[in-house]
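The structure presented is a predicted model; accordingly, all values stated were derived computationally and were not measured.
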Amino acid sequence: MLRQRLGSLAGENDMLMCREATRLMSLKLDRKLTFRERTSLRVHLSICSACRACGRQFDLLHNIASHHPTAPKQSGEEQHGP
């Protein structure tokens, strides 16, 4: 029964599960996941090392982007370049 809920552990269903896990990892950066989404993601990550690595990359990129200055320069600030 658990195997039916998780899908096949090999084959095409894995790719769909990974695609959904990737979508949830991305969504997690924008909003709080529902209990069902969090549970589904945790179960998948517990069996898929590729998605765990992908999640670490998402976290790293999110941390880098959050420290990047994105605000435009104020009109009084000196600007360099063309």
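Rounding to the nearest 0.5 Å gives a distance of 14.5 Å between NE2 of H44 and OG1 of T39. Annotation: the span from L24 atom CG to L29 atom CG amounts to 11.0 Å, rounded to 0.5 Å.
Two residues are said to be in side-chain contact when any heavy atoms from C-beta on lie closer than 4.5 Å; C51 and M25 meet this criterion.
Legend: side chain to side chain donor-acceptor pair (under 3.5 Å) pairs involving residues 45-65, not counting sequence neighbours: none detected. Contacts classified as side chain to side chain donor-acceptor pair (under 3.5 Å) and involving residues 23-32 (residues at least two apart or in different chains) are given here: E20-R23, R31-E37.
The hydrophobic cluster containing F58 also contains L41, counting ILVMFWY residues as joined when their side-chain heavy atoms lie under 4.5 angstrom apart, directly or transitively.
Under the salt bridge (Lys or Arg N to Asp or Glu O under 4.0 Å) criterion, R36 pairs with no residue at all, not counting sequence neighbours.
Under a 4.5 Å side-chain heavy-atom criterion applied to ILVMFWY residues, the cluster that includes L60 comprises I64 as well.
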Show your reasoning for whether side-chain contact (heavy atoms from CB on, under 4.5 Å) applies to I47 and V43. CA-CA 7 Å; I47 61 172; V43 168; 5.5 Å; no
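The number of heavy-atom neighbours closer than 6.0 Å to CZ of R38, taken from other residues, nucleotides and ligands shown, is above 12.
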